[in-house]
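Have a look at the structure below, then the notes.
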Amino acid sequence: MQGEATLTDEQLNKYVEPMPGHPKADLDRIDSAVQQVLDEYQEYNTAIDGALAEDIHRGLDITRRTAGDPGLWHWLAVVRYPDLVRHRWEYRSEEAMREKFLGAGSDLYSNAIHRLWWIAELTSRGDDYSTTDAVFANQTMVNKVFDRWFARYQPAVQVMCDELEDEKSRVIDETTRRFNHALTNVQLEGLSEDEAREIIREIVAESQ
């Protein structure tokens with residue numbers, strides 16, 4: 001996880017296998033976007049996330065079921081784009097860097113590329129990625145919304161992002177924490193977007 005090492009195809013091939021359903025991807029598009037980021041952004045710049053999320057999401061023509069397969073994200077991070085992972089994330093510990101390469105699955109926030117696709121998946125509205133862009137422009141939103149338990153329920157995520165876009169970090173932290181706690185008494189999947197918005201607006205008003 002630290003320093004330089006080159007893995008040969010022979011070393012990698014025994015760990016690589018075809019994915020079920022044969023998902024498609026426009027890797028040329030992603031390659032181009034990644035190279036542009038490597039050329040134009042300094043190391044560890046958080047703006048890299050927002051610069052790549054839409055291209056990662058559009059370039060991977062996959063279902064949410066496929067996106068739940070950790071092997072896809074391990075291949076992208078370890079084999080296809082390891083330079084990107086190292087460029088975006090500073091080495092702070094073996095455990096932290098291992099998460100960026102080998103996280104994924106149920107933890108939306110860990111793998112460096114998995115998190116970009118999922119946040120774009122949950123915040124885009126058709127071809128409109130304006131909410132995705134707004135979220136990645138505010139790292140507090142990324143950290144506090146997508147590291148919470150409700151983060152995989154799209155109606156709640158979109159309402160939360162809409163209502164918190166212009167709020168201070170303190171309000172974002174308080175609102176996401178209190179909404180997460182409120183869900184101990186409310187079935188999340190039973191909430192409509194309007195019902196989630198009403199709850200979140202009330203919490204935002206009390207948190208300001």
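Just so you know, these numbers come straight off a predicted model, no measurement behind them.
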| query | Hey, is Arg177 close enough to Glu174 for a salt bridge, meaning N to O under 4.0 Å? | reply | yes
Val145 vs Phe150, side-chain contact (heavy atoms from CB on, under 4.5 Å): CA-CA, chis, key distance, verdict = CA-CA 8 Å; Val145 174; Phe150 62 82; 4.1 Å; yes
State, yes or no, whether a side-chain contact exists between [X] and [Y] at a heavy-atom distance under 4.5 Å.
X	Y	result
Val34	Arg29	no
His87	Gln42	no
Ile199	Val159	no
Met97	Arg92	no
Tyr153	Gln158	no
Arg201	Val204	no
Glu90	Glu43	no

Under 3.5 Å, is there a donor-acceptor pair between the side chain of [X] and the main chain of [Y]?
X	Y	value
Trp149	His181	no
Asp173	Ser169	no
Lys100	Ser110	yes
Asp61	Lys24	no
Arg170	Ser207	yes
His74	Asn111	no
Ser124	Ala120	yes
His114	Gly68	no

Interatomic distance, CD1@Ile172 vs CG@Asn138, rounded to 0.5 Å, equals 4.5 Å
Hits for ring-ring contact (aromatic ring centres under 6.0 Å, His included) against Phe136, two or more places apart or cross-chain, chain-then-number order -> none
Per side chain to side chain donor-acceptor pair (under 3.5 Å), Gln154 is matched among Glu121, Arg64, Arg125, Glu193 by Arg64
Check your understanding: Think Arg80 forms a cation-pi with Trp75, using NZ or CZ under 6.0 Å from the six-ring centre and within 45 degrees of its axis?
Key -> no
Check the side chains of [Y] and [X] for a donor-acceptor pair under 3.5 angstrom, ignoring hydrogens and angles.
X	Y	answer
Asp31	Gln35	no
Thr123	Thr131	no
Asp194	Ser192	no

> Can you list the steps and then say if Met160 with Arg148 is a side-chain contact (heavy atoms from CB on, under 4.5 Å)?
Replying inline: CA-CA 12 Å; Met160 187 67 77; Arg148 301 290 191 191; over 6 Å; no
Heavy-atom closest pair, residues [X] and [Y]:
X	Y	answer
Asn45	Arg88	O-CD, 3.7 Å
Leu116	Ala112	CG-O, 3.4 Å
Ala156	Leu188	CB-CD1, 4.1 Å
Thr132	Ala53	CG2-CB, 4.2 Å
Val157	Ala151	CG2-O, 3.1 Å
Asp133	Gly50	OD1-O, 4.4 Å

Quiz item: Looking at Tyr129 versus His57, is the centre-to-centre ring distance below 6.0 Å?
Solution: yes
### Within one Ile-Leu-Val-Met-Phe-Trp-Tyr cluster: Tyr15 and Leu12, side-chain cutoff 4.5 Å
no
Same cluster for Tyr44 and Leu38 if Ile/Leu/Val/Met/Phe/Trp/Tyr side chains link at under 4.5 Å? no
CA sep, side-chain torsions, deciding dist, call: Met141, Cys161, side-chain contact (heavy atoms from CB on, under 4.5 Å):
CA-CA 8 Å; Met141 288 273 282; Cys161 293; 4.0 Å; yes
* Let me see the working for Val85 and Val78 under side-chain contact (heavy atoms from CB on, under 4.5 Å), right down to the final yes or no. => CA-CA 9 Å; Val85 179; Val78 174; over 6 Å; no
Please check if the number of heavy atoms outside Glu189 that lie under 6.0 Å from its CD is greater than 12. yes
When Asp49, Asp147, Ile119, Thr46 are each screened for side-chain contact (heavy atoms from CB on, under 4.5 Å) with Val142, the one that passes is Ile119
